[in-house]
Amino acid sequence: LLCLCGCTQADKQVVILFTNDTHSQIYPIATDAKRNAGLGGVERRKVLIDSLRGEYPHALLVDAGDAVQGTPYFNFYGGEVETMVLNELGYDVRTIGNHEYDNGGEALATMLRNYEGVTVSSNYTFNRDDLRELVAPAWMCEAGGVKVGFVALNINPEGLLFPLHVHDINYHDPIAYGDSLALQLRRQGADVVIALSHLGFTGEEVNENVIDSVLVQNTRYIDFVVGGHSHTTLTEPQFFTNLDGRKVAVGQTGKSGVNLGFVQLTLAGDRDNDIAVDYRLLPVDARYDDCLDPDFAAKLLPYKSQVDSVMGDVLGYSAVDLLVDRPESTLSNWACDALADMARQRHGSKIDFAVGNIGGMRADIAKGVVTRGNVLQTFPFTNYMTVVQLKGSDVRDLFEQIAANGGEGVSREVQLVIKDGKVAQLSIGGKPVDDNRVYTIATINFVAEGGDGMIAFRNAISRDDYAGFVFEMYEDYITRMTQRGLSIHSALDGRVTIVQ
């Protein structure tokens, strides 16, 4: 095993290669994308991983969840492609993110059954026999003479998964379960314990979820955290002090496989000392294009051909870049205005405003031709439109949560000012909210069920659901615009602002 300078005979080293939130990004991101243009791609990642294994033959390859959902490959094949990729690249251990459960427990079990590595979740227990058999609470292996233990900490599914799917999962405190299992691994001989975390690095107000810094600060037996869920790009490891006063590092690669994480941990003979961390993010870029594996490319090609044959269909044209962001964005403004229009056409009565969750808008759409693939990548989930009636008092509560979230998509009828994570000003249709009035709101079923913390929707006076997936509705909407000679226009108009 290779040693850094200063490494003594009593020291041990282990190399961990890691990813998180790759979100079905099989091929590189489009070269005209506004973010991470031209980066990523699983063929390039394989070249990089194979090269590193040549230098570090005992390196372990791990993933911190959300390997699926976000491109048409998941919509078309339900995880088959991503599972094949994990196997071809030789992932040793993974955990599940919230999106692994998007198609329910049976679909997740199929993915995990076909995965050749180990799947770990320490703070989920399952009400399905197949998942109980396929997911381990912890795992330990040997890598070049070092015994490496793994625990995995998963986010509270409440508000992130459809309620029907949440019933399959029993969620437990990640701090207590993670540290207890890490201690068990230590007692079984683990030299080092790695946590695969799908908790998030940045704060998430929804359900007061534990984040990685809080995990470290309240545990003793975890030595390094491979993070996920928040799509945070940590170019340097972030250190936090645990209960024993040791500094523990957290790493995360961003999203979509644009980076591969590398960390070499040097374990001193004295376990009371901090672990030395050699950490870096390695960009997955065009430098590897001349070394791609033709056999791997051939396995991917049938999937690509099928996807490309459908996704290139032109629907219309956008006169602006449709970008998604908080507190408002050109994409979220257009999407919610369009949602309100579609609801008015189908519901047949007044729609006061529309709400769409930013988390449901997964990709920007560049100015120019808009294809079926653009729409499916932007709205990949199998949601449908719903129209909800709420009392004004519940509308106030709804916008307090939207303010706590840092903004969500809303239609043009809304004017919201946020200060210190709370509503400072709010009007609907130019008027203050009337607590006793009933408001009719267009949204999607995930939000109507309280998704992304918007639990005020659960107090609905009435709810009407409409058949057809959201992405199909937007496809039809854009097509009708094109037939009328219209293109997409959108601008920031201050409907949601944050003030100091």
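Taking a cutoff of 4.0 Å between a charged side-chain nitrogen and a carboxylate oxygen, Asp420 and Lys422 do not qualify as a salt bridge. The pair Asp293-Lys299 does not count as a salt bridge, with every side-chain nitrogen at least 4.0 angstrom from each carboxylate oxygen. A salt bridge is defined here as a Lys NZ or Arg NE, NH1 or NH2 lying under 4.0 Å from an Asp or Glu carboxylate O, and Asp130 with Arg128 meets this definition.
Using modelled atom types and a 3.5 Å distance limit, the side chains of Asp11 and Thr266 yield no donor-acceptor pair.
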- Determine, step by step, whether Val135 and Leu112 satisfy the side-chain contact (heavy atoms from CB on, under 4.5 Å) criterion, reporting the C-alpha distance in whole Å, the side-chain angles of both residues, the deciding distance to 0.1 Å, and the verdict. CA-CA 8 Å; Val135 181; Leu112 298 186; 3.7 Å; yes

- Yes or no on side chain to side chain donor-acceptor pair (under 3.5 Å) for Tyr91 and Thr19, after CA distance, side-chain angles and deciding distance? CA-CA 10 Å; Tyr91 276 78; Thr19 52; 2.9 Å; yes

- Message: If you apply the rule side-chain contact (heavy atoms from CB on, under 4.5 Å), what do you find for Glu43 with Tyr288, and how did you get there?
- Response: CA-CA 9 Å; Glu43 293 178 83; Tyr288 305 105; over 6 Å; no

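More than 12 non-hydrogen atoms from other residues, nucleotides or ligands lie less than 6.0 angstrom from CG of Leu52. Residue Phe471 qualifies as enclosed at atom CZ: its count of foreign heavy atoms under 6.0 Å is above 12. Residue Glu142 places its CD atom among more than 12 non-hydrogen atoms of other residues, nucleotides or ligands, all under 6.0 Å distant.
Relative orientation of the Tyr279 and Phe18 rings is tilted, given thresholds of 30° and 60° on the angle between their planes.
Shortest non-hydrogen contact noted between Ser230 and Phe201 is OG-N, 2.9 Å. Shown here for Asp289 and Leu292, the closest heavy-atom pair between the two residues is O-CG, 3.4 Å. Closest heavy-atom contact between Trp139 and Val120: CB-CG2, 3.9 Å. Scanning all heavy atoms of the two residues, the minimum distance from Val284 to Asn259 falls at CG2-C, 3.9 Å.
With Leu331 as reference, Thr378 is the one residue of Asp321, Thr378, Ile358 to meet the side-chain contact (heavy atoms from CB on, under 4.5 Å) rule. Residue His198 is tested with Asp63, Asn20, Asp66, Asn154 for a side-chain hydrogen bond (donor to acceptor under 3.5 Å, both in side chains); the sole match is Asp66.
Figure legend: Arg280 and Phe262 shown as a cation-pi pair, the cationic atom lying under 6.0 angstrom from the six-membered ring centre and within 45 degrees of its axis. Seen from the ring of Phe379, Arg362 does not count as a face-on cation partner, given the 6.0 Å and 45° thresholds.
If you look at Phe381 and His99, their ring centroids are closer than 6.0 Å.
Using a 4.5 Å heavy-atom cutoff, the side chains of Gln217 and Asn242 are not in contact.
For the atom pair Asn103 CG and Asn75 CG, the distance stands at 8.5 Å (nearest 0.5 Å).
The closest donor-acceptor contact from the side chain of Thr219 to the backbone of Ile222 lies at 3.5 Å or more, if one exists at all. Without hydrogens or angle criteria, Gln69 side chain to Thr71 main chain gives no donor-acceptor distance under 3.5 Å.
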